[in-house]
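Just so you know, these numbers come straight off a predicted model, no measurement behind them.
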Amino acid sequence: MKKRNSMKRTIFISIFFAAFVLPFSVACGGDETEPQQQEQPDTPESPDEPDTPSSGNGKVLVAYFSRANHVPDGTDAVSGATNKTRNTQTVAMELSRLTGGDLFEIIPARDYPVSHTECSEIALQEYEADARPALTTHVDNMEDYDIIYIGFPIWRYCEPMAIRTFLEEYDFTGKTIRPFCTSMAVGIEDAQANIARLCPESSVADGLRISYNIPNNLEELLSEWIGIE
């Protein structure tokens with residue numbers, strides 16, 4: 001008799017669990033009983049694109065100082081100002097094309113003499129006085145840029161003082177600065193060190209020197225420098 005009663009209780013509990021408890025457990029279950037739906041993006045995902053900034057997304061700026069029409073013949077970097085007509089601009093324009101960056105010319109308020117001797121004398125005076133020549137062009141949205149290429153001719157072994165004016169006008173904190181120069185023989189090392197000193201909160205990458213006699217393989221040189229394969 002006790003055995004039959006025990007069997008009846010077991011059958012009753014099993015029926016009760018199947019009828020009431022199990023449905024309740026399934027309805028309130030987690031990942032194992034009810035797969036969660038994945039959220040769908042508002043717009044279809046596009047294929048991965050190369051991480052090359054373009055002028056449209058405002059990440060890259062190519063700023064340059066090029067004293068065209070002021071020092072027309074190109075001069076020895078050891079003795080004075082060096083700049084052949086539009087050579088720095090030529091490099092900057094090609095760099096802008098390769099990176100998709102916005103192009104910006106750094107233009108000083110003053111004109112430099114056409115005479116090589118006079119221009120070199122002024123370059124020396126500005127260097128010795130650590131001058132900051134006024135500029136007539138300004139970047140209104142510097143905060144939009146992450147990478148700034150800065151180009152210039154070598155004057156008196158380093159960057160023209162107008163470059164220092166440009167660097168001190170903006171906040172480059174957290175940005176990457178990539179300097180490039182044109183010169184006859186002098187390298188970019190001193191100029192690069194000066195830029196790093198003026199922008200201590202930025203990352204100053206290794207610079208690039210291009211001969212003021214623009215080489216025929218300019219695209220190749222720039223592509224290798226900026227990491228385009």
Side-chain angles (χ1 to χ4, degrees), residues 51-53 58-67 77-78 80-83 87-96 98-108 120 122-135 137-212 218 221-228:
D51 189 19
T52 301
K59 287 188 175 182
V60 174
L61 178 69
V62 180
Y64 70 96
F65 173 88
S66 187
R67 296 312 306 137
V78 174
T82 64
N83 190 15
N87 58 348
T88 304
Q89 183 193 52
T90 299
V91 176
M93 291 178 67
E94 180 66 9
L95 190 57
S96 174
L98 291 172
T99 62
D102 293 335
L103 191 64
F104 175 81
E105 184 173 9
I106 301 169
I107 302 177
S120 294
I122 292 175
L124 177 59
Q125 291 170 5
E126 290 183 344
Y127 173 77
E128 292 180 338
D130 195 22
R132 298 294 186 270
L135 305 178
T137 55
H138 308 276
V139 180
D140 295 329
N141 59 329
M142 184 63 78
E143 67 277 4
D144 293 343
Y145 298 103
D146 299 319
I147 302 173
I148 297 91
Y149 291 87
I150 299 178
F152 45 86
I154 292 293
W155 284 13
R156 292 291 176 178
Y157 299 98
C158 66
E159 74 285 356
M161 295 301 103
I163 294 296
R164 300 188 183 185
T165 303
F166 176 81
L167 293 172
E168 293 178 350
E169 184 174 342
Y170 309 97
D171 181 9
F172 291 94
T173 299
K175 300 182 185 298
T176 296
I177 298 176
R178 305 198 69 179
F180 63 96
C181 75
T182 55
S183 76
M184 178 178 180
V186 175
I188 198 172
E189 291 77 16
D190 287 348
Q192 181 176 312
N194 291 334
I195 293 172
R197 175 177 55 82
L198 291 171
C199 303
E201 301 302 322
S202 65
S203 175
V204 180
D206 288 340
L208 178 69
R209 173 195 166 270
I210 298 289
S211 171
Y212 72 66
L218 177 61
L221 290 174
L222 293 177
S223 296
E224 181 178 357
W225 180 52
I226 64 181
I228 295 179

Non-hydrogen side-chain atoms of [X] and [Y] separated by less than 4.5 Å:
| X | Y | answer |
| --- | --- | --- |
| E94 | L98 | yes |
| N87 | I210 | no |
| R178 | W225 | yes |
| L167 | I150 | yes |
| Y149 | V60 | yes |
| V91 | L218 | yes |
| Y170 | H138 | yes |

Between the side chain of T165 and the main-chain N/O of A134, is any donor-acceptor distance below 3.5 Å? no
Look at the side chain of Y145 and the backbone N and O of D102, then say whether any donor-acceptor pair between them is shorter than 3.5 Å. no
What heavy-atom pair brings [X] and [Y] nearest, and what distance separates the two atoms?
| X | Y | answer |
| --- | --- | --- |
| T137 | I107 | OG1-N, 3.1 Å |
| D171 | T173 | OD1-OG1, 2.6 Å |
| P160 | P153 | CD-O, 3.2 Å |
| I154 | G187 | CD1-O, 3.9 Å |
| Q192 | G207 | OE1-N, 2.7 Å |
| A131 | M161 | O-CB, 3.3 Å |

From [atom1] ([X]) to [atom2] ([Y]), nearest 0.5 Å:
| X | Y | atom1 | atom2 | answer |
| --- | --- | --- | --- | --- |
| F152 | S183 | CZ | OG | 9.5 Å |
| F180 | R209 | CZ | CZ | 14.0 Å |
| R164 | Y127 | CZ | OH | 6.5 Å |
| I195 | C158 | CD1 | SG | 10.0 Å |
| I177 | I147 | CD1 | CD1 | 11.5 Å |
| L95 | T90 | CG | OG1 | 12.5 Å |

Are more than 12 heavy atoms from other residues, nucleotides or ligands located less than 6.0 Å from atom CD of E143? yes
When you look at CE of M142, are more than 12 heavy atoms from neighbouring residues, nucleotides or ligands closer to it than 6.0 Å? yes
Taking the six-membered ring for Trp, are F166 and F172 parallel (under 30°), tilted (30 to 60°) or perpendicular (over 60°)? tilted
Would T88 and T182 count as a side-chain hydrogen bond (donor to acceptor under 3.5 Å, both in side chains) if you check the C-alpha gap in whole Å, the side-chain angles of each, and the deciding distance to 0.1 Å? CA-CA 6 Å; T88 304; T182 55; 2.8 Å; yes
